[in-house]
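Each remark here refers to the structure printed beneath this line.
Predicted model only: the values in this text are computed from it and were never measured.
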Amino acid sequence: MSDTPEDKNTESASSSTDGGLRKESIWEVYYPSRVNEEKRAIPVASFPMIIYFWPSMFIFLLCGILQSVDISPTMLGWWATASLAFNLLVIVTDLSQKKFFIVSLLLLVIALLLYIAGQKEMGFVTSLGGWVSSLELTYGTQTYFVISGFLWFFFFLGMLQPRLNYWRIEPNEFTHYIQPWGRDQSVPRQGTTVTREVPDVLELFLTFGGGTLVMRRENQVVARIQHVPFLGRRMKAIEQMLGVTRVRSMD
């Protein structure tokens, strides 16, 4: 079989032509490598929300190490508490780009007002600042390590899910696999669109350009792959692949 001469983007899917394409690794479900190269398929999977807790994982571990060398326990306690509060904020809120801008502006205004009030020594603000500064948020060294250990354990447990439950994006079809049973669902490429959605800006930052991959067929959502890390990078490879039409030999 030979390439169709009328269209530069038409390639053969026979073994002779596919030999020139790099076979994808299933481990690319975690990180897409060489996105500018043509591939036979691109694996994509939903990740559990524990993926957003990596800041707390590292900070609790770091605080445990630093406290063992006599760094201020109160300062470390504030760091750990702030990281955990931030992670909880990420999973309970969905801040679109517009909402994120509004909230950021609102927090900036509140901080400015508190600063001005503090300079004028207003009673309420002074009392509030004194109360906050008097708080001694401390954790034991073992507590840091235990909480960090739980976070790391559940993180690695959650990271098994994408390896066992994933999609393969191919030029002619999108196939869902659940291991060890194998092929679960197949969606034909014809008439199906793939788009990227960013429901939350904080999630976008924590997944290094991640988001949700949505498959639609005849204006109906057939799959929503959520919390995908490095999705912006993956989309380059997906868009390049879907711009190619492959013809299979029927001989």
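In terms of heavy-atom proximity, Arg224 sits nearest to Ser46 at O-OG, 4.1 Å. Closest heavy-atom contact between Val222 and Gln185: O-NE2, 4.2 Å. The two residues Met241 and Ile169 make their nearest non-hydrogen contact at SD-O, 3.2 Å. Nearest heavy atom pair, residue Tyr139 against residue Ala80, reads CE1-CB, 4.2 Å. Summarising the geometry of Leu95 relative to Val103, their closest heavy-atom pair is CD2-CG2, 4.2 Å, with the distance given to 0.1 Å. When all heavy atoms of Val29 and Ala45 are compared, the pair lying nearest together is CG2-CB, 3.4 Å.
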For this session: For side chain to side chain contact (heavy atoms under 4.5 Å, CB included), just list the numbers for Phe145 and Leu61, CA-CA rounded to whole Å, side-chain angles, deciding distance to a tenth of an Å, and then say yes or no.
Result: CA-CA 6 Å; Phe145 288 132; Leu61 177 61; 4.0 Å; yes
For this session: Give the C-alpha distance, both sets of side-chain angles, the deciding distance and a yes or no for side chain to side chain contact (heavy atoms under 4.5 Å, CB included) between Phe174 and Val44.
Result: CA-CA 10 Å; Phe174 309 143; Val44 183; over 6 Å; no
Problem set entry | ring pair (Phe, Tyr, Trp, His ring centres under 6.0 Å) between Trp152 and Phe58, intermediate numbers included | CA-CA 9 Å; Trp152 280 95; Phe58 284 104; 5.2 Å; yes
Problem set entry | salt bridge (charged side-chain N to carboxylate O under 4.0 Å, His left out) evaluation trace for Glu173 with Arg183 | CA-CA 12 Å; Glu173 66 177 348; Arg183 189 186 184 104; 3.0 Å; yes
Exercise. Are Tyr166 and Gln161 close enough, and set up right, to give a side-chain hydrogen bond (donor to acceptor under 3.5 Å, both in side chains), and what steps lead you there?
Worked result: CA-CA 8 Å; Tyr166 60 90; Gln161 177 180 319; over 6 Å; no
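Checked against a 6.0 Å centroid threshold, the rings of Phe53 and Phe155 do not count as neighbours. You'll find the ring centres of His227 and Tyr52 inside the 6.0 Å limit. For Phe208 and Trp54, the ring centers sit closer than 6.0 Å to each other.
Distance alone, capped at 3.5 Å, is enough to place a donor-acceptor pair between the Arg196 side chain and the Gly210 backbone. The backbone N or O of Ile65 sits less than 3.5 Å from a side-chain atom of Ser68, completing a donor-acceptor pair. With hydrogens and angles disregarded, a donor-acceptor distance shorter than 3.5 Å links the side chain of Thr93 to the backbone of Leu89. Under a 3.5 Å cut-off, the side chain of Arg234 and the backbone N or O of Pro229 do form a donor-acceptor pair. Side-chain atoms of Asp94 do not come within 3.5 Å of backbone N or O of Asp200 as any donor-acceptor pair.
Under the 4.5 Å side-chain heavy-atom criterion for ILVMFWY residues, a single connected hydrophobic cluster contains both Val187 and Ile225. In the hydrophobic cluster analysis, where Ile, Leu, Val, Met, Phe, Trp and Tyr join through side-chain heavy atoms closer than 4.5 angstrom, Tyr31 is grouped apart from Val228. No single ILVMFWY cluster, assembled from side-chain heavy atoms under 4.5 Å apart, contains both Leu213 and Met49. Hydrophobic clustering (side-chain heavy atoms under 4.5 Å, transitive across Ile, Leu, Val, Met, Phe, Trp, Tyr) groups Phe100 together with Leu107. Following chains of ILVMFWY side-chain contacts shorter than 4.5 Å, one can reach Leu202 starting from Leu151, so the two form part of one hydrophobic cluster.
Val214 places none of its side-chain heavy atoms less than 4.5 Å from the side chain of Val194. Two residues are said to be in side-chain contact when any heavy atoms from C-beta on lie closer than 4.5 Å; His176 and Ile178 meet this criterion. Between Phe47 and Gln226 the shortest side-chain heavy-atom distance does not fall below 4.5 Å. For the pair Leu206/Pro55, a side-chain contact is recorded, criterion being any heavy-atom separation below 4.5 Å from C-beta on. Contact annotation: the side chain of Thr212 approaches that of Pro199 to within less than 4.5 Å [non-hydrogen atoms, C-beta and beyond]. With a 4.5 Å cut-off on side-chain heavy atoms, Trp167 and Tyr177 do not count as touching. Side chains of Thr175 and Glu170 form a contact here, defined as non-hydrogen atoms less than 4.5 Å apart.
Note that CD of Glu239 and CD1 of Ile42 are 10.0 Å apart. Values are rounded to the nearest 0.5 Å. Here Lys99 contributes atom NZ and Ser104 contributes atom OG; the two are 13.5 Å apart, rounded to the nearest 0.5 Å. The structure places NZ of Lys39 at 12.0 Å from CZ of Arg168, a figure rounded to the nearest 0.5 Å. A distance of 12.5 Å separates CG of Leu231 from CD of Glu203, quoted to the nearest 0.5 Å. Taken to the nearest 0.5 Å, the CE atom of Met57 stands 11.5 Å off from the CD1 atom of Ile59.
Look at Arg163 and Glu28 and you find no salt bridge, because none of the NZ, NE, NH1 or NH2 atoms lies under 4.0 Å from a carboxylate O.
Checking Thr192, Thr193, Thr195 one by one against Arg216, the side-chain hydrogen bond (donor to acceptor under 3.5 Å, both in side chains) holds for a single residue, Thr195. With Trp79 as the partner, the side chain to side chain contact (heavy atoms under 4.5 Å, CB included) test is satisfied by one option alone out of Leu84, Thr74, Leu137, Leu66: Leu66.
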